[in-house]
Amino acid sequence: MSNAIAIAKKELNIYFATPIAYVMFTLFVVIGSYFFLRLLGAYEQASLAYMRFQSPEMMNRLNFQDAIFRNLFGNLGVILIFIIPFLTMRLVAEEKRQKTIELLYTTPVTPGEIVLGKYLACLAILVIALALTLTYPLLVQFNAGDQNGVEWRSVLLGYGGLFLMGAAYMAIGLFISSLTESQVVAALITFVVLLMTWIIGWTAGEAEGWVRDFVTYLASVSHLDSFSKGTVDLKDIVYFVSIIVLGLFATNRAVEAHRWS
Amino acid sequence: MIEVSHLVKSYRDLKAVQDVTFKVEKGEILGFLGPNGAGKTTTMRMITGVLPPSSGSVKVAGFDVFEKPMEVKRRIGYLPETPPLYTDMTVRAYLRFVAEIKGVKRAQRESEVDKVATQTNCGQFIHRVIGNLSKGQRQRVGLAQALLADPEVLILDEPTVGLDPAQIIEVRELIKSLAGKHTIVLSTHILPEVVATCQRVLIISQGKVVADDTLQGLQRTHAGALTADGHPGPAPSLEEIFLKLTSA
Ligand SMILES: Nc1ncnc2c1ncn2[C@@H]1O[C@H](COP(=O)(O)OP(=O)(O)OP(=O)(O)O)[C@@H](O)[C@H]1O
Ligand SMILES: [Mg+2]
């Protein structure tokens, strides 16, 4: 375990020595803020309109949580699809290309520790990126006072869902990075795979019966949505956790097998 | 200390290493010679466990490299042909990391890093980013990395490549000073280096061992014909022996 921590520290050292981490944080926050401000603007207009028509029942139905945060988390989830390939692309591929993997193979570190250390490092980047966006609910909370304030339970569940989804995406990215020596190839394939988990949900509407349920289950975004609605189901957690476990296991095998090539 | 027996490595139809067998005793420095493509790097990678052999076995300190890999890794310091450096890290951060994964205790880590940096003359550029260093400087960082945690066995693949004349002499002195306590296998194309540092010479050519002897032993075997008045001819240089054995 201490070896995994050492590897994680090394990866973080490299993330912050190169612009990758900073560029990712900036992109995440800038695009996230854009969506947040647009959602906020739309909400404001809607509530003004309802107020003008003096329809209190409409007013009540306009749920702040649904209007802003549920949509915001959906949008942040999509941004993750675009930035995670760039975070995971170099993790194993670059070690192979630069032959630094020979150093790891000749020191008393197991493949499992290598994989775990690398995974922990990118999870840390994910946590920081998500923490930066906590400013949105905090801003709303400060301005709203206590009436119509933030439903923190749903917001935090939404963050939990985003974290699990990002973690699953990273496990996929890490695995793909362990299959090639080229960072560009790793990033491209990861991006396509992540995009597939998103757009496969669109085809669900065309299908029927169990196929429809199955396709919906495969789509990552549907699982994220149940978190931000505040209605977490065990099946959503199982979905993300099984992707993580599978991804890490497969990466471990790929790192072990690389020596035999 | 190192026992290599009947080692074979084939890449598809190319036999890179064919039935190589040799031993290195504790405290010995073995010079590992051979023309380009002879299989030196391939053999060294199999000794360190980076590359699995097609057949044959390697034991380091009595442990089989593939049955007890952890025991072997704890005892080995390896400088590969391309120094395994993270170009985005500073020399100090890199050496600290290697010390950590080699299991150097936190309390000794700094002093251990300083020690190897001094031994390899990395002191002046220890705060710089590895990607900005010159080839020779990087080679020295690679050597420093191999020396970390004071391993019993050192496998050095062309340790002096890219170094300036003064550094070559210093690295030679360093390697000589490590003899006795450490067992060293070093490959090189600089024959005077072998004469200066190694007790034994192993020459391979096209994957096969063609000579395994002390320098004096080699000179005796390959001495020229007796001169007219019955005295032995002049002792051949290592260069002459090398060319004779590898030209076939
Ligand atoms: N990964 C590989 N795939 C196929 N062939 C390889 C591979 N690695 C090495 N070889 C071949 O194996 C042979 C031995 O290579 P090796 O690198 O061991 O030579 P060397 O003695 O270290 O040479 P040099 O003095 O140039 O460093 C060469 O013919 C090389 O082309
Ligand atoms: Mg070589």
Side-chain angles (χ1 to χ4, degrees), chain A residues 1-24 86-87 89-118 120-122 125 181 183 252 255-261, chain B residues 11 41 44-54 60 65-66 68-90 92-106 109 129-131 138 141-142 145-146 148-149 151 153-155 157:
Chain A
M1 191 61 198
S2 72
N3 280 337
I5 303 279
I7 306 256
K9 282 195 312 198
K10 184 225 47 163
E11 295 301 337
L12 285 172
N13 183 318
I14 294 177
Y15 272 132
F16 287 103
T18 54
I20 308 180
Y22 301 106
V23 170
M24 292 305 138
F86 295 99
L87 282 173
M89 64 180 184
R90 48 160 288 281
L91 285 174
V92 185
E94 189 65 0
E95 299 256 12
K96 288 205 246 174
R97 199 178 65 84
Q98 301 271 16
K99 301 231 172 19
T100 45
I101 196 127
E102 292 198 0
L103 171 71
L104 302 181
Y105 284 156
T106 52
T107 45
V109 187
T110 63
E113 289 167 332
I114 298 174
V115 174
L116 192 62
K118 286 172 179 288
L120 288 178
C122 59
I125 301 281
E181 289 194 7
Q183 298 192 51
N252 184 37
V255 170
E256 270 175 356
H258 174 63
R259 291 204 287 179
W260 269 255
S261 59
Chain B
Y11 293 107
T41 300
M44 291 175 130
R45 294 179 76 208
M46 289 190 283
I47 295 176
T48 53
V50 174
L51 190 71
S54 304
V60 174
V65 170
F66 274 84
K68 292 266 188 297
M70 282 300 156
E71 296 298 330
V72 173
K73 287 171 189 185
R74 266 191 266 281
R75 291 169 170 79
I76 244 176
Y78 175 43
L79 171 64
E81 196 163 45
T82 9
L85 307 173
Y86 297 102
T87 47
D88 294 313
M89 294 174 94
T90 64
R92 168 152 244 136
Y94 170 72
L95 291 177
R96 259 190 214 138
F97 164 66
V98 180
E100 198 172 347
I101 57 172
K102 281 191 176 185
V104 178
K105 294 272 171 301
R106 182 188 295 269
R109 228 172 271 155
V129 174
I130 294 174
R138 289 185 197 201
V141 179
Q145 160 278 123
L148 271 172
V153 176
L154 284 168
I155 309 289
D157 201 345

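- Neither the backbone nor the side chain of V129(B) comes within contact range of chain A; no heavy atom of the residue lies under 4.5 Å from a heavy atom of that chain.
- With a 4.5 angstrom heavy-atom cutoff, L85(B) touches chain A only via backbone atoms.
- Listed here is the closest heavy atom pair of P108(A) and I101(B): CD-O, 3.7 Å.
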Using distance only, find each side-chain donor-acceptor pair of residues 13-20 of chain A under 3.5 Å and give its atom names and separation, not counting sequence neighbours.
unit_1	atom_1	unit_2	atom_2	d
Y15(A)	OH	L87(A)	O	2.5
T18(A)	OG1	I14(A)	O	2.8
T18(A)	OG1	Y15(A)	O	3.4

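- Contact annotation for E71(B): neither backbone nor side-chain heavy atoms come within less than 4.5 Å of a heavy atom of chain A.
- Interface remark: of the candidates N3(A), T106(A), L104(A), I101(A), T106(A) forms the most heavy-atom pairs closer than 4.5 Å to chain B.
- Checked for salt-bridge contact, K10(A) and E100(B) miss the test: no charged N lies under 4.0 Å from a carboxylate O.
- How far CD of E102(A) is from OH of Y78(B): 5.0 Å, rounded to the nearest 0.5 Å.
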### Query
Should T107(A) and K73(B) be marked as a side-chain contact (heavy atoms from CB on, under 4.5 Å) after you check the CA-CA gap, both sets of side-chain angles, and the distance that decides it?
CA-CA 5 Å; T107(A) 45; K73(B) 287 171 189 185; 5.9 Å; no
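- With a 4.5 angstrom heavy-atom cutoff, R96(B) does not touch chain A via any of its atoms.
- Taking M89(B), K102(B), Q145(B) one by one and counting their heavy-atom pairs under 4.5 Å with chain A, the maximum is reached by M89(B).
- With values rounded to the nearest 0.5 angstrom, E94(A) atom CD is found 6.5 Å from T87(B) atom OG1.
- For chain A, the nearby parts of T48(B) are the backbone and the side chain; heavy atoms of each come within less than 4.5 Å.
- Other residues, nucleotides and ligands contribute at most 12 non-hydrogen atoms within 6.0 Å of the NZ atom of K68(B).
- E81(B) has no carboxylate O lying under 4.0 Å from a charged side-chain N of K99(A), or vice versa, which leaves the two without a salt bridge.
- A donor atom on one side chain and an acceptor atom on the other are found under 3.5 Å apart for Y86(B) and E95(A).
- For T90(B), no part lies near chain A; criterion is any non-hydrogen pair under 4.5 Å.
- Residue I7(A) touches chain B through both its backbone and its side chain, counting heavy-atom pairs closer than 4.5 Å.
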